[in-house]
Every structure is written in structure tokens, then in C-alpha cells.
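Structure first, then comments.
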Protein chains: 2
Amino acid sequence: MPVKLKQLAELLGLSQTTVSRALNGYPEVNAKTRQRVLKAVRETGYRPNRAAQRLATGKAYSIGLVMPIASGIVSDIHFGEFLAGLAEEAVKHDFHFVLNPSAPEDEEATFRRLAASGNVDAVFLAHMRANDPRIAMLKSLSIPFVVHGRSIGGPKDYPFVDIDNTAAFYEATRLLIQLGHRRVALINGQEHLAFAIRRKKGVTRALKDWGLDLDETLVHHSVMTDEYGYRSMQRFLEQPDPPTAVLCSSTVLALGAVRAINQAGLTVGADISIIAHDDVLPMLKPENFSVPLTTTRSSLRAAGARIASRLIGGILDRGTYPDQELWRAELIVRASTGPAPGK
Amino acid sequence: MPVKLKQLAELLGLSQTTVSRALNGYPEVNAKTRQRVLKAVRETGYRPNRAAQRLATGKAYSIGLVMPIASGIVSDIHFGEFLAGLAEEAVKHDFHFVLNPSAPEDEEATFRRLAASGNVDAVFLAHMRANDPRIAMLKSLSIPFVVHGRSIGGPKDYPFVDIDNTAAFYEATRLLIQLGHRRVALINGQEHLAFAIRRKKGVTRALKDWGLDLDETLVHHSVMTDEYGYRSMQRFLEQPDPPTAVLCSSTVLALGAVRAINQAGLTVGADISIIAHDDVLPMLKPENFSVPLTTTRSSLRAAGARIASRLIGGILDRGTYPDQELWRAELIVRASTGPAPGK
DNA sequence: AGGAGCATCCAAAGCGCTTTGGGAGGAGGC
DNA sequence: GCCTCCTCCCAAAGCGCTTTGGATGCTCCT
């Protein structure tokens with residue numbers, strides 16, 4: 001039988017009120033008293049009963065998740081990794097999840113139901129598209145949220161955590177150009193997703209800054225699986241004037257691309273340079289590729305943890321966070337990039 | 001402001017006790033009264049406050065999930081699909097999840113903490129191995145659980161939902177034999193997993209029943225990704241006496257296998273027959289393969305939903321379920337299977 | 001006729017926290 | 001020396017449900 005607040009108060013010769021206030025950081029309690037309370041908590045192993053807190057405060061201490069289920073959609077490896085980050089942080093604070101599988105067309109209704117149910121204090125949003133209507137919707141539901149990624153166009157004032165995709169792919173492309181590459185290909189995520197749009201923009205801009213153009217036939221958009229990486233690369237190589245370098249939006253895509261390259265009898269890093277974005281998936285480390293992969297790195301799990309942290313912080317009124325965070329990806333050079341052939 | 005039990009009771013001219021009992025199916029309430037109550041609930045849209053129920057009953061109304069995070073491990077597509085099934089059912093009953101990411105070596109501690117926290121009423125267990133120690137552990141923690149899959153060896157009396165992997169692959173193999181195939185290969189899941197062991201057993205047994213042997217060089221175990229399906233098939237085809245038929249433990253593996261076959265200039269269903277196990281992944285339908293795939297089918301999402309259903313039923317003391325369920329997979333013949341070449 | 005026994009309902013006591021509305025006592029101002 | 005104003009603490013009232021321990025009639029038996 002776990003110790004309860006009442007017992008703790010008796011033990012300390014204090015009222016429940018004071019103990020509760022000491023624990024929740026209210027100012028009207030003597031510093032010395034607070035110390036005594038905290039010490040007693042440590043010794044007794046007291047943990048407040050979440051059910052009681054929920055009832056008393058009206059907070060749900062849980063966060064809502066709408067997980068997309070549909071044919072084309074990413075219930076993929078990236079989602080799992082992100083979820084792990086979210087959960088890692090949530091479990092520390094004893095937060096629950098309400099998982100709502102939802103077909104894309106029902107998503108709005110799902111969010112609405114979720115907000116109305118009172119079962120969650122906050123939600124998070126991902127897979128941002130251009131002019132994503134869900135941001136305005138969540139605002140109108142007036143439920144706290146944090147977006148993973150950013151929309152393009154539409155309202156600007158919403159909380160998000162994103163990486164600077166444009167900059168990351170700009171820098172990656174710049175490196176390739178500096179190495180002498182002139183024909184650069186891009187194997188990207190699905191065309192409607194904001195991150196894919198930005199990455200393409202980064203590539204385009206870098207090429208332009210050096211007086212080059214992005215050849216549209218060297219750009220493929222698809223679900224980010226091994227399979228599509230392979231197919232895309234294969235088609236690039238079939239072209240009369242194949243690229244000497246390729247950027248991949250995921251190491252998963254790169255896996256397929258590398259296979260296609262090898263199969264064509266070419267060597268990664270010599271005949272074809274490759275840079276991939278690395279979400280730091282534990283099962284697919286760029287350094288373990290037969291030719292270690294040059295990458296733009298930013299941990300998906302860390303993003304999940306950060307978003308959970310911000311959501312939870314907001315709910316508990318603790319800590320202050322910047323509203324909009326744009327993380328820089330690190331450009332890590334390994335062996336898959338080299339001078340363009342013939343330079 | 002949602003309507004509460006008290007208001008509902010006043011509205012009906014009844015006590016809270018009676019209304020509560022009417023809603024929770026207690027016998028000491030007149031049938032007519034119960035009907036009145038239910039009608040009022042429908043009209044007012046009353047929904048009991050979960051926080052209050054949690055506090056009053058001591059139940060958590062939530063189920064615990066330990067999600068494996070580690071290099072080799074499946075935070076893969078199959079997990080997402082299963083999770084969707086779980087969540088689909090849970091959301092119907094207003095159940096929450098407590099997601100615990102955990103490295104395999106910490107799993108025991110995680111379960112222990114989870115059970116002790118009182119945050120969950122039940123947990124579920126997956127990725128069964130032979131002699132899986134976690135079953136005994138969960139029993140000793142005396143927290144309700146349902147296993148997805150079955151162990152091999154060890155205690156027999158625990159609740160599970162599994163498919164009859166042995167039978168499924170026995171029947172698939174039998175079909176191949178009847179079609180004249182004699183050299184049959186198997187691209188399986190990881191060797192230590194119970195389902196993989198059983199599937200191999202099914203193949204072995206079928207071959208044996210027809211006086212044939214399973215050639216160990218025609219059996220590969222790996223994580224079930226496209227990539228490994230491709231590699232395995234490629235290696236089979238390089239053999240001096242390649243198989244004329246291959247069984248895959250997942251459509252994901254089959255995807256790679258098919259690619260390897262095509263690339264070798266062979267035709268699926270004519271030169272090489274292929275049967276895959278189909279978990280009914282929305283993004284990978286066997287009927288959409290260039291040559292539609294013959295499969296043993298059993299929906300992973302349905303299994304998730306069923307397990308959630310059983311866990312929730314157990315918590316609410318509602319409904320009775322068989323303790324151990326062994327589902328039969330359906331063998332669905334499509335175009336990827338045909339007579340062995342030269343027959 | 002007098003209970004026993006059942007069916008049906010109710011008042012009130014929790015569940016374990018947070019929060020409201022003071023109250024005691026000492027410091028400081030005049 | 002009196003009043004005001006903090007500082008620090010407390011008692012008690014919820015939060016919205018479930019459940020205990022009766023109460024009240026009625027039927028049925030003997």
C-alpha cells in the first residue's frame with residue numbers, strides 16, 4: 001500500500017495543504033519546510049496518485065496522438081522512431097497517450113472528438129503539408145499543440161519543432177558542388193510534404209547560387225522505403241547523362257540507392273557521391289554502410305522527446321520554451337562523397 | 001459543460017446510486033428504470049468522467065506497452081500495424097496507453113516498474129521467443145496480460161492470441177509440393193522468434209510427409225525487410241541447384257524476393273513460385289504485386305484489436321473470451337504459384 | 001396474521017488529491 | 001502602543017464517480 005498525502009502530512013506534523021503546496025512549488029511555504037517535505041518524500045517514496053490529481057485538477061495528464069492509417073502513408077520506421085522519443089519523455093513524467101488511428105479523411109473529426117473528450121491536454125501534429133489546414137483547425141479547437149515540422153504558407157504563429165531542411169540540403173548540395181559535381185539528383189519524400197518541398201528548395205537554391213540548374217528529371221518523390229530508393233537510382237542511372245551525385249531524404253532511401261549503384265558496377269564515393277539525411281534510426285546507421293555515408297544528421301527521436309517535453313511543460317506550467325524551434329542538421333562527411341569523376 | 005451523474009440523477013428523480021448501477025449493469029435495478037436511465041443518457045449525451053471513475057474504482061483504464069528500441073529490432077512496419085489495431089479498439093472504450101520504450105536488456109525492469117506504478121491494469125507481450133522468460137515474469141508480477149504469439153516450451157497456461165504458423169506454412173508447402181515443386185526455400189523472420197521456428201517446422205513437416213527434406217542452405221533468417229528478402233533470394237538463385245519455389249514470412253520480404261527474381265530474368269509463378277505470409281499491411285497488398293501473390297493471410301491489425309478487446313474485457317469484467325486463441329491463416333491462391341518448371 | 005425474503009431504491013461515505021478562504025503571529029509604520 | 005500587512009500554515013470543501021449499509025414496500029409461506 002503506497003503512502004498517501006494524508007499520511008505524509010501526519011508524519012511531518014503538517015497539513016495536507018502545506019505538503020501539497022510544497023510539492024507543487026507554491027510560494028507560500030517556508031523554504032525550510034519545503035526541504036523537510038521533499039526529504040520525507042524521498043524517504044517514504046511518496047508518489048502522488050495520478051487519478052486523484054486528474055480529478056482534482058481537471059487535467060488529463062495525457063497527450064493525444066492521431067496516427068495515420070492508410071495505404072500510402074507512413075506507418076513506417078520513421079514514425080516508430082519519433083514515437084519512441086515522445087514516449088521516452090512522457091514516461092518520465094507519468095503521462096499517458098491516447099492513440100487514435102485515423103484515416104486521413106477522418107482526421108479532422110478525430111481531432112475534434114479528441115479535444116472534446118477531455119481525455120487529453122494537448123496533441124501533436126506531424127506530416128506537415130503546404131498550407132496545412134490542420135493548424136488553423138487546432139487553433140480553433142483551442143487545444144494546446146506542438147507541430148513537428150512546419151507548414152509552408154498559411155498562419156505563421158504556431159508552436160513547432162522543425163529542422164532547417166532548406167539549409168541542410170543547401171549545405172549538402174554546396175559540398176557536392178565544391179567537389180566538382182554538376183549533375184545532382186534528389187531522391188525525396190512525398191511531394192506534398194513540407195519537408196520534401198524545403199529540401200528540394202535547398203538543393204535548387206544551392207545549384208542556382210553556383211549558376212547551375214536542377215534537372216527535374218533528376219528529382220523523384222516517393223514514400224521513403226528502400227524499394228523506392230532503389231528504383232529511383234536505377235532510373236537515374238539509365239539516363240543518357242546520369243548524375244554524379246545524389247541526395248537522399250532518408251538513409252532508408254539511401255539503402256536502396258546504394259544497392260542500385262553497386263549493382264550497376266559503380267562505386268559509391270568514387271563514381272557516384274551520395275549524401276543522405278540521417279534521422280538516426282538505430283537499425284540503419286550511416287557509418288555501417290559498406291561505404292560509410294555522408295549525412296545531414298538530426299535525431300528524430302530527439303525531436304519526439306523535445307516535443308513531448310514542450311507539451312508536458314506547457315501542461316504543467318513549468319519551464320519556458322521558445323515557441324518555434326528550428327534545429328540545424330549537422331553535415332557529417334564520411335566516405336560516400338568524393339570529387340566528381342574526371343575532376 | 002458536460003452533464004454529470006448528479007444532474008442526470010436529479011433529472012430522472014433517482015439517486016446517483018441507482019443511475020450508476022443502471023449504467024454498470026448491476027442487477028438490483030428495475031428493468032424499466034434501467035431503460036429510462038439509458039434513454040436519458042442518450043438524450044443528454046452523458047459520459048462518465050474517466051478521472052472520477054479511476055479514482056473511485058482504483059482502476060487505471062489503461063494498458064501498458066513496452067516497445068522495444070534497439071538496433072536489430074522491429075520498430076518496423078509490422079509493429080505499427082499491430083499498434084493501430086490495439087489503438088482502434090482501445091479508443092472505442094476510452095482506454096489509454098502507457099508507452100514504455102525499452103532496450104531489451106531493461107525490459108524486465110520496465111515491466112516491473114509498470115506493474116508497480118499502478119498506471120496500467122494490464123499489459124501485452126509480443127515478439128515471443130522460445131522458452132520466453134517474460135511469461136513467468138509477468139505471472140509473478142500478477143498483472144493481467146495477453147500474449148501476441150506463443151512461446152515454445154515453458155509454461156503452457158497463459159492467455160494468448162496466435163496464428164497457427166505451423167499449419168499455415170505446412171499447407172502452403174503442401175500446395176507447392178502438389179504443384180510438383182521439390183526444392184523449396186524459406187525466407188524467414190529472425191531465428192530466435194517463435195513464429196519463425198514454427199513456420200520452419202511447418203515447412204519441414206510437409207516436406208517430410210511427402211518424403212522430402214528441407215535443404216538448410218535454402219533457409220534464411222533475418223529481419224523482415226525488403227532488403228533482406230532481396231539478398232536472400234539472390235543468394236538462392238546463385239546456387240547450383242536453385243529452388244523452384246520459395247516461402248516468405250512477410251510480404252515485405254516477398255517484395256525484395258520478387259525483385260531479385262525479376263532481375264535474374266525469371267518469371268514469378270512460372271519459373272519460380274512464391275507464397276508469402278500476408279499480415280494485411282495496407283501499404284503492401286499482395287494483389288497489387290506485378291504478379292499477384294499467393295499468400296497465407298491473417299490480419300495483424302485484427303490481432304491487435306482482438307488483444308485489446310480481451311485485455312479491456314478482462315479489466316471491465318465484461319464478456320468472456322477463450323483464454324487461448326489459435327487463429328488459422330487463410331491460404332489464398334493467386335498467380336504467384338504455378339506448376340514446377342518441367343512438370 | 002406474522003414473518004421471511006426479495007426486489008428496488010437511497011443517503012452518505014469514501015477514493016486521494018487541489019484549492020478556497022481564512023487565521024495566527026510577527027514585522028514595520030505612524 | 002495600535003493598526004496594517006506580510007508570511008506561513010490550516011480546516012474543509014470540492015472534483016465526479018462507486019459502493020456500503022441500510023430502508024421501504026410487496027409477495028409468499030406457514
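Just so you know, these numbers use all the heavy atoms, side chains as well, and skip hydrogens, waters and symmetry mates.
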Whether [X] contacts [N] is assessed here as follows: a side-chain N or O lying under 4.0 Å from the phosphate OP1 or OP2. Is that the case?
{"X": "T18(B)", "N": "dC9(C)", "result": "no"}
{"X": "N49(A)", "N": "dC17(C)", "result": "no"}
{"X": "K4(B)", "N": "dG16(D)", "result": "yes"}
{"X": "T33(B)", "N": "dC9(C)", "result": "yes"}
{"X": "Y61(B)", "N": "dT18(D)", "result": "no"}

Please report, rounded to the nearest Å, how far the [atom2] atom of [N] is from the [atom1] atom of [X].
{"X": "L5(A)", "N": "dA12(D)", "atom1": "CG", "atom2": "P", "value": "16 Å"}
{"X": "E28(B)", "N": "dT19(D)", "atom1": "CD", "atom2": "P", "value": "11 Å"}
{"X": "Y26(B)", "N": "dC10(C)", "atom1": "OH", "atom2": "P", "value": "17 Å"}

message: Using a strict threshold of under 4.0 Å (side-chain N to carboxylate O), is an ion pair present between K139(A) and D157(A)?
response: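 Yes, D157(A) and K139(A) are salt-bridged.
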
query: Hey, is K92(B) close enough to E88(B) for a salt bridge, meaning N to O under 4.0 Å?
result: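 Looking at E88(B) together with K92(B), the answer is no, because their closest N to O distance does not fall below 4.0 Å.
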
- request: Can you sort out which residues in residues 53-60 of chain B have a heavy atom within less than 4.0 Å of DNA chain C? Ascending by number, please.
  value: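 DNA chain C contact set from residues 53-60 of chain B: L55(B), A56(B).
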
- request: Describe the nucleic acid contact of R50(B) in one word from base, sugar-phosphate, nothing, applying a heavy-atom distance below 4.0 Å.
  value: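 No contact.
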
Starting the side chain at C-beta, find the nucleotide from [options] nearest to [X].
{"X": "N30(A)", "options": "dC9(D), dC10(C), dG16(C)", "result": "dC9(D)"}
{"X": "Q16(A)", "options": "dC10(D), dC10(C), dC17(C)", "result": "dC17(C)"}
{"X": "R21(B)", "options": "dT20(C), dT18(C), dG21(D)", "result": "dG21(D)"}

field: Within 45° cone and under 6.0 Å: R54(B) NZ/CZ vs Y61(B) ring
entry: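 Ring-cation test returns no.
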
query: Sub-3.5 Å donor-acceptor pair from the side chain of R34(B) to the main-chain atoms of Y26(B), do we have one?
result: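 Answer holds: yes.
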
- prompt: Passes ring pair (Phe, Tyr, Trp, His ring centres under 6.0 Å), F111(B) versus F145(B)? Steps please.
  reply: CA-CA 11 Å; F111(B) 273 119; F145(B) 67 99; 8.9 Å; no

Name of the residue among F124(A), F82(A), F160(A) meeting ring-ring contact (aromatic ring centres under 6.0 Å, His included) with H148(A):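 Result: among F124(A), F82(A), F160(A), F82(A) is the only option passing the ring-ring contact (aromatic ring centres under 6.0 Å, His included) with H148(A).
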
query: Mapping A51(A) and V29(B) onto DNA chain C by nearest heavy atom, which one lands closer to the 5' end?
result: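 Between the two, 5'-proximity favours V29(B).
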
task: Assess whether one donor atom and one acceptor atom, taken from the side chain of T17(A) and the base of dT18(C), lie less than 3.5 Å apart.
output: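 Not at all, since no donor on one side and acceptor on the other fall under 3.5 Å apart.
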
